[in-house]
Engineer: 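After the C-alpha cells below, expect a handful of questions from me.
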Amino acid sequence: MIRVGDEVQAFLDVRIKGIVVEIISKPGPWMVGGTAQQEMFCVLKLDSGQQIKYPMGELHHSDV
C-alpha cells in the first residue's frame, strides 16, 4: 500500500521517481449499472523538484 511520504517509482517510466506528497481519489465514470471503481492518483515530488499527478496503479515502492 502506498502512503504519503513513501518513495515510489513508475513501472513503465524509470524517469518518474519521487516522494508521495498527496493521494487523490476521484470517482470513476458513470456506467449503466452504476459507477465504476474509484480512480486513485498520487501527487509526486520528483527529484528535480517538479510536482506531478500520476495514477497510483502504475507506481511501486522504490528499492533504492
Side-chain angles (χ1 to χ4, degrees):
M1 174 137 197
I2 295 175
R3 299 179 189 159
V4 174
D6 288 352
E7 188 170 345
V8 295
Q9 185 172 3
F11 282 114
L12 302 175
D13 191 351
V14 295
R15 297 172 296 167
I16 298 179
K17 179 180 179 183
I19 297 174
V20 178
V21 193
E22 182 181 359
I23 297 176
I24 302 169
S25 67
K26 177 178 146 185
W30 284 92
M31 306 272 188
V32 174
T35 59
Q37 183 176 354
Q38 283 190 345
E39 297 175 322
M40 302 289 286
F41 293 93
C42 291
V43 176
L44 303 176
K45 183 175 182 183
L46 303 179
D47 295 336
S48 65
Q50 179 184 9
Q51 287 192 359
I52 62 168
K53 183 169 82 169
Y54 209 78
M56 185 184 278
E58 297 181 19
L59 297 170
H60 66 89
H61 286 96
S62 178
D63 293 335
V64 179

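Keep in mind it's a predicted model, so treat the numbers as computed, not measured.
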Engineer: Please list, chain by chain and in numerical order, all residues satisfying salt bridge (charged side-chain N to carboxylate O under 4.0 Å, His left out) with K53, sequence neighbours excluded.
Structural biologist: none
Engineer: Less than 4.5 Å apart, any side-chain heavy atom of V8 and any of C42?
Structural biologist: no
Engineer: For M1 and D6, work out which heavy atoms get closest and say how close.
Structural biologist: O-OD2, 3.8 Å
Engineer: My understanding is that only residues two or more places apart in sequence, or in another chain, count here; which of them pass side chain to side chain contact (heavy atoms under 4.5 Å, CB included) with L46?
Structural biologist: I16, L44, S48, Q50, I52
Engineer: How about R3 and V20: do any of their side-chain heavy atoms sit closer than 4.5 Å?
Structural biologist: no
Engineer: Suppose clustering is done on Ile, Leu, Val, Met, Phe, Trp and Tyr with side-chain heavy atoms closer than 4.5 Å. Which residues sit in the same group as V14?
Structural biologist: none
Engineer: Tell me every residue that passes ring pair (Phe, Tyr, Trp, His ring centres under 6.0 Å) with H60, counting only those two or more places apart in sequence or in another chain.
Structural biologist: F11
Engineer: If I take atom CE from residue M56 and atom CD1 from residue I23, how far apart are they, to the nearest 0.5 angstrom?
Structural biologist: 4.0 Å
Engineer: For the atom pair CE (M40) and CG (L59), what is the distance rounded to the nearest 0.5 Å?
Structural biologist: 11.5 Å
Engineer: Excluding sequence neighbours, so at least two apart, what forms side chain to side chain donor-acceptor pair (under 3.5 Å) with R15?
Structural biologist: D13
Engineer: Just to verify, what does E39 make a salt bridge (charged side-chain N to carboxylate O under 4.0 Å, His left out) with, not counting sequence neighbours?
Structural biologist: K26
Engineer: Side-chain contact test, heavy atoms from C-beta onward, threshold under 4.5 Å: evaluate it for I2 versus H61 and give yes or no.
Structural biologist: yes
Engineer: Test of understanding: clusters of I, L, V, M, F, W, Y form through side-chain heavy atoms closer than 4.5 Å, transitively. Do Y54 and V43 belong to the same one?
Structural biologist: no
